[in-house]
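Everything on this sheet refers to the single structure shown next.
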Amino acid sequence: MLIMSDVYNPQEVEAKWQTKWQESGLYRQTVDKSKPKHYALTMLPYPSGDLHIGHWYAMTPSDARARFMRMKGYNVLFPMGFDAFGLPAENAAIKRNIHPKKWTFANIERMRGQLRSMGAMFDWEREAVSADPSYYKWTQWFFKKLLEYDLAYRKLSAVDFCPNCNTTLAREQVWGDDRHCERCGTPVIKKDLEQWFFKTTDYAEELLDFSTIDWPERVKVMQTNWIGRSTGANVTFHTEQGDPIEIFTTRPDTLWGATFMVLAPEHPLVDKITAVAQADAVLTYREAAKRLTDIDRETADREKTGVFTGAYAINPVNNARIPIWIADYVLMTYGSGAIMAVPAHDERDFAFATKFGLEIVEVIRQPGRSDEDGPLTEAFVSKTEGTMINSGAFDGTPASEGVATVTAWLEAQGMGEKAVNYRLRDWLISRQRYWGAPIPIVYCPEHGAVPVPDDQLPIMLPDDVEFMPTGESPLRFHEGFLHTTCPECGKPALRETDTMDTFMCSSWYQYRYLSPHDDEHPFDPEEGAYWLPVDQYTGGIEHATMHLIYTRFFTMAMRKMGLVDHSEPMLALYNQGMVLGEDGEKMSKSRGNVVAPDTLVAQYGADTVRTYLMFFAKWDQGGPWNYDGIKGPQRLVQDVWEMAQLAYMPKQVTDEANRALRRKTHQTIRKVTADFENFSFNTAIAAIMELRNAMQAARRSSDVAADVWAEAVDSLLLLLAPVAPHVTEELWAQRGHGYSVHQHSWPMWDEEVAKEESITLVVQINGKVRDRIDVPAGMSDEELKALALASERVVEWLNGRSPHKVIVVKGRLVNIVG
RNA sequence: GGGGCGGUGGCGAAAUGGCAGACGCAGCGGACUUAAAAUCCGCCGGGGUAACCCCCGUGUGGGUUCGACUCCCACCCGCCCUACCA
């Protein structure tokens with residue numbers, strides 16, 4: 001064993017223990033049914049090239065929590081891997097002529113080293129890399145399973161397309177308010193393509209149920225909004241010629257106020273119903289709408305546009321003849337792509353009717369409004385206030401009952417039925433990209449889309465490809481890849497050249513960690529039976545409506561496939577905040593405010609960097625980095641180093657000093673334990689600093705016994721072990737304790753020892769502090785009240801009067817109200 | 001427009017409805033040093049007072065309460081998400 005110098009040299013200590021940990025397999029994590037399990041998972045990184053401080057901020061507190069759970073007696077699984085497919089690798093290939101595979105795996109190698117420098121307890125034998133064929137074989141297998149269980153389908157669909165790069169883009173590659181291409185800044189447009197989809201909407205209702213998981217309110221709200229459930233009714237209108245037009249409405253009670261209809265420009269009925277006189281105008285409008293970028297179309301405050309088709313529909317409830325318009329504020333992708341327009345009670349319809357001079361008929365009378373008030377100046381949209389008018393037999397029905405009453409009536413009349421709509425769309429997973437898992441489908445002229453048999457998986461990405469400056473996938477031009485035979489008939493057929501969205505890879509990685517080398521299953525069922533589901537997931541909020549919905553969908557689908565028996569992949573979730581630059585802004589190279597962890601580790605050591613990251617703010621909040629602020633944790637680690645090595649010699653030991661230090665020690669254990677449970681790492685470290693301060697005072701006066709000092713030092717090391725794993729390991733060994741401090745059990749506190757002997761009784765008069773009295777702990781309310789009333793200040797203030805009221809807060813405070 | 005989160009010393013931040021500012025950084029004064037760094041001791045929200053102490057103070061204005069950073073209502077500011085979803 002190396003002899004450590006007296007001077008704390010973090011590089012020396014950290015290198016020594018990282019090697020020792022690896023050699024001894026300290027962090028191997030295997031099934032052990034004698035212990036309760038705890039699956040701790042932190043979101044896996046994309047191998048962009050360098051581990052940045054954000055990775056450290058996401059991973060080191062997670063690691064500390066996992067270490068804490070381990071010391072608490074759990075058998076902890078804490079794996080790590082790489083989400084290794086994706087666009088940046090391909091961009092690097094195009095820009096710098098490096099193969100995406102080479103670029104990606106070189107980055108992974110580099111980042112593995114950087115990850116090791118954190119000293120986290122990752123079990124590297126469980127590492128999973130999504131771009132590795134042994135991984136994407138199973139991604140492809142899952143695609144087939146989804147198809148088999150009727151959760152995948154192919155359809156023609158409009159996708160985001162960058163006209164400059166001549167390629168489609170993933171949703172996440174469309175940036176900013178103006179929805180521009182990530183690479184060239186060109187606004188995206190829509191393009192119709194045959195695409196593969198997963199039926200996330202099959203689980204829309206179940207995805208809204210968070211009752212079995214402990215997730216942050218914020219995420220639940222975001223997912224709920226994203227799924228966007230609305231209830232109402234489907235109602236069938238007919239054109240004058242008798243063509244049915246189905247619409248969805250959340251306000252069937254306003255049917256009598258429907259004075260026109262609007263179809264989405266792409267609606268299939270438009271061609272059929274458009275009158276000859278309007279044909280040119282309709283065609284022009286439809287062409288213009290097609291060319292519009294999403295941003296143009298989706299900007300809410302944009303003035304309404306539309307054209308009349310020349311056709312009329314009959315309102316089924318009152319047989320009114322109403323015009324049919326097309327307008328791009330009606331989306332083909334929601335509901336049926338057609339609406340009944342009720343301008344009196346819908347803001348959008350009101351704006352449209354006002355602009356085009358369409359009739360506005362009030363059918364819900366706002367309380368306090370009368371005919372004398374003239375025409376409506378804005379839509380009245382309340383669902384709860386008002387009374388139905390101009391609605392035939394329903395006149396007088398309160399608006400609050402209107403929806404239910406009218407829906408029941410519509411059903412009885414056969415005009416419509418109760419309906420639920422979701423904003424959630426099916427998940428489009430096709431990507432016209434090379435660097436992703438190929439979709440395992442072959443197109444046969446005779447048999448159509450045929451899944452590739454299991455024994456031919458994985459469909460390997462060919463290495464010998466040439467990248468187009470346009471970004472077009474080289475798979476489309478790779479003869480060897482493209483040409484194959486139909487699994488059904490053996491005749492020549494073509495491979496699907498699209499690859500899968502990388503979110504597909506990351507939707508099931510928590511399962512792959514269980515047996516990353518398993519060639520028989522996506523994951524070993526025995527490992528799964530023990531470890532699943534994930535107990536604690538941690539990661540950034542930015543995945544709230546993407547990854548975190550996809551992975552929930554995936555687990556629900558896996559339940560349908562009979563692969564798992566749980567419905568939720570992650571039982572608890574915690575979102576960390578973000579480390580900002582010193583200027584309080586998001587870190588970016590162009591701002592020059594990037595904090596590089598490698599430099600920090602070289603200067604301060606990983607233990608200090610970890611401690612600072614966990615100390616400077618509550619974890620879910622984050623905040624600006626501060627190079628001066630790290631000095632606090634640096635001093636803490638240094639002080640621990642010195643105190644743990646000190647040959648402590650007691651001088652004038654007193655019982656009182658012994659009790660005081662033991663009390664502080666046990667109080668600190670209690671506090672740090674609670675704080676770790678609650679992810680309140682900053683206050684845990686503050687408490688450890690308080691203990692340090694108390695120990696330094698005791699050391700100066702040397703008035704505590706040697707065993708009391710030793711208990712304080714050992715407790716300090718154990719409490720700090722999850723935060724600063726290297727230095728505590730070294731000191732633990734130096735103090736002659738066994739290997740490893742990380743296998744030692746978490747310290748216990750003794751309530752009796754931790755109990756305060758005296759309290760400061762706060763005496764208030766009318767809520768203002770007027771006196772403080774030191775009293776022994778455990779006095780009764782009556783005794784405290786008597787003491788407070790006897791206080792000189794109170795006697796003086798009362799001046800012989802008796803107080804109106806005296807409030808005693810047990811063991812804390814007396815408030816005298818006069 | 002809708003939703004969410006937040007606003008506390010010079011700075012990062014703490015506070016089950018009960019002493020606001022724990023802990024840390026910076027700063028100031030002192031010790032050590034030829035000197036500096038490091039380290040150690042002390043002070044450290046604002047105002048008043050010789051002092052004991054007093055007054056003010058958690059974005060703003062109200063409210064509930066014996067008592068409000070904390071709960072309720074309205075508003076201002078910042079950040080994030082979402083956005084014509086019928």
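Being a predicted model, the structure only gives us computed values, none of them experimental. Proteins come first, then strands; the chains are lettered A, B, ... in the order of their sequence lines, and each starts at number 1.
- Considering only side-chain atoms of A/R770, the nucleotide from B/C54, B/G3, B/U82 that sits closest is B/C54.
- When rounded to the nearest whole Å, the span between CD of A/E796 and P of B/C52 equals 16 Å.
- At the phosphate of B/C66, OP1 or OP2 sits under 4.0 Å from a side-chain N or O atom of A/K805.
- The same atom, C1', is picked in B/A74 and in B/C23; the two are 36 Å apart, to the nearest Å.
- Partners of A/F350 according to the ring pair (Phe, Tyr, Trp, His ring centres under 6.0 Å) rule, which considers only residues two or more places apart in sequence or in another chain, do not exist here.
- Rounding to whole angstrom units, CD of residue A/E246 and C1' of B/A86 are separated by 13 Å.
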Annotated protein contacts, base or backbone, on nucleotides 16-23 of chain B with a non-hydrogen cut-off under 4.0 Å, one of B, S, - each
--BB--BB
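- Distance A/F616 CZ to B/C11 P: 17 Å, rounded to the nearest Å.
- If you measure from atom CZ of A/R423 to atom P of B/U82, you get 9 Å, rounded to the nearest angstrom.
- For residues 251-262 of chain A, the side-chain hydrogen bond (donor to acceptor under 3.5 Å, both in side chains) pairs, not counting sequence neighbours, are A/R251-A/D253.
- The aromatic ring centroids of A/W325 and A/F352 lie less than 6.0 Å from each other.
- Base orientation of B/G46: anti, the glycosidic angle falling outside 90° of 0.
- Rounded to the nearest Å, the gap between the P atom of B/A26 and that of B/C79 is 30 Å.
- Within the structure, every pair that satisfies the side-chain hydrogen bond (donor to acceptor under 3.5 Å, both in side chains) test and touches residues 228-237 of chain A, not counting sequence neighbours, is listed here: A/E205-A/R229, A/S230-A/Y334.
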Might you list the N or O atoms of the protein lying below 3.5 Å from N or O atoms in nucleotides 39-43 of chain B, with each pair's distance?
{"unit_1": "B/U39", "atom_1": "OP1", "unit_2": "A/R635", "atom_2": "NE", "d": "3.3"}
{"unit_1": "B/C41", "atom_1": "OP1", "unit_2": "A/R700", "atom_2": "NE", "d": "3.3"}
{"unit_1": "B/C41", "atom_1": "OP1", "unit_2": "A/R700", "atom_2": "NH1", "d": "2.5"}
{"unit_1": "B/C41", "atom_1": "OP1", "unit_2": "A/R700", "atom_2": "NH2", "d": "2.7"}

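- For the pair A/Y627 OH and B/G24 C1', the interatomic distance rounds to 18 Å; values are reported in whole Å.
- For the side chain to side chain donor-acceptor pair (under 3.5 Å) test, no residue two or more places apart in sequence or in another chain qualifies with A/T224.
- Separation of the P atoms belonging to B/A68 and B/C19 is 11 Å when rounded to the nearest angstrom.
- Listed by chain and number, the residues in a side chain to side chain donor-acceptor pair (under 3.5 Å) with A/H543 amount to none (sequence neighbours excluded).
- Pairing analysis of RNA chain B (Watson-Crick: purine N1 to pyrimidine N3 plus N6-O4 or O6-N4; G-U wobble: N1-O2 and O6-N3; both under 3.5 Å) yields stems of 3 or more pairs at B:1-7 with B:76-82, B:10-12 with B:23-25, B:27-31 with B:39-43, B:45-48 with B:53-56, B:59-63 with B:71-75.
- Listed pair A/K768 / B/C56 meets the phosphate criterion, a side-chain N or O lying under 4.0 Å from OP1 or OP2.
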What protein N or O atoms touch nucleotides 77-81 of chain B N or O atoms at under 3.5 angstrom, if any, and at what distances?
none

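- Atom pair A/E347:CD and B/G2:C1' shows a separation of 11 Å (rounding to whole Å applied).
- Atom name P, nucleotides B/G63 and B/U70: the rounded distance is 14 Å, in whole Å.
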Please list every donor-acceptor pair under 3.5 Å in which a side-chain atom of residues 684-692 of chain A meets a protein atom from a residue at least two apart or in another chain.
{"unit_1": "A/E690", "atom_1": "OE1", "unit_2": "A/K664", "atom_2": "NZ", "d": "2.9"}
{"unit_1": "A/R692", "atom_1": "NH1", "unit_2": "A/D639", "atom_2": "OD2", "d": "2.7"}

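- Among the protein residues, A/F248 comes within range of the nucleic acid bases, having at least one heavy atom under 4.0 Å from a base atom.
- Comparing A/R793 and A/V817 by the nucleotide of RNA chain B that holds the closest heavy atom to each, the one mapping nearer the 5' end is A/R793.
- Separation of the P atoms belonging to B/G24 and B/C44 is 15 Å when rounded to the nearest angstrom.
- The existence of a salt bridge linking A/K810 and A/D781 is confirmed by a sub-4.0 Å separation between a basic side-chain nitrogen and an acidic carboxylate oxygen.
- Taking atom CG on A/D675 and atom C1' on B/A15, their separation rounds to 12 Å, with Å as the unit.
- Map A/Y612 and A/K631 each onto its nearest nucleotide of RNA chain B; the residue landing nearer the 5' end is A/Y612.
- Residue A/D628 has its side chain nearest to B/C25 when only B/A83, B/C55, B/C25 are considered.
- At the heavy-atom level, A/G622 lies under 4.0 Å from the strands shown only through sugar-phosphate atoms.
- The distance between the ring centers of A/Y550 and A/W427 falls below 6.0 angstrom.
- Taking the C1' atoms as reference points, B/C81 lies 32 Å from B/G21, given to the whole Å.
- For the pair A/R770 (side chain) and A/I765 (backbone), a donor-acceptor distance under 3.5 Å is absent.
- OP1 and OP2 of B/A13 both lie 4.0 Å or more from every side-chain N or O belonging to A/K618.
- Protein atom CG of A/N225 is 12 Å distant from nucleotide atom P of B/C5, rounded to whole Å.
- You'll find the ring centres of A/W215 and A/Y574 outside the 6.0 Å limit.
- Side chain of A/N593 to main chain of A/E582: no donor-acceptor pair is present (N/O by atom type, distance under 3.5 Å, no hydrogens or angles).
- Heavy atoms from other residues, nucleotides or ligands lying under 6.0 Å from CD of A/E378 number 12 at most.
- Partners of A/W56 according to the ring pair (Phe, Tyr, Trp, His ring centres under 6.0 Å) rule, which considers only residues two or more places apart in sequence or in another chain, do not exist here.
- Residue contacts shown for A/R699 are absent, as no nucleic acid heavy atom lies under 4.0 Å away.
- Outside the 6.0 Å centre-distance limit, the rings of A/F681 and A/F615 are not counted as a close aromatic pair.
- On the P atoms, B/G57 is 15 Å away from B/G47, given to the nearest whole Å.
- Nucleotides B/C66 and B/A14 have their P atoms positioned 31 Å apart, rounded to a whole Å.
- Every side-chain contact (heavy atoms from CB on, under 4.5 Å) that A/S336 has, sequence neighbours left out, goes to A/A338.
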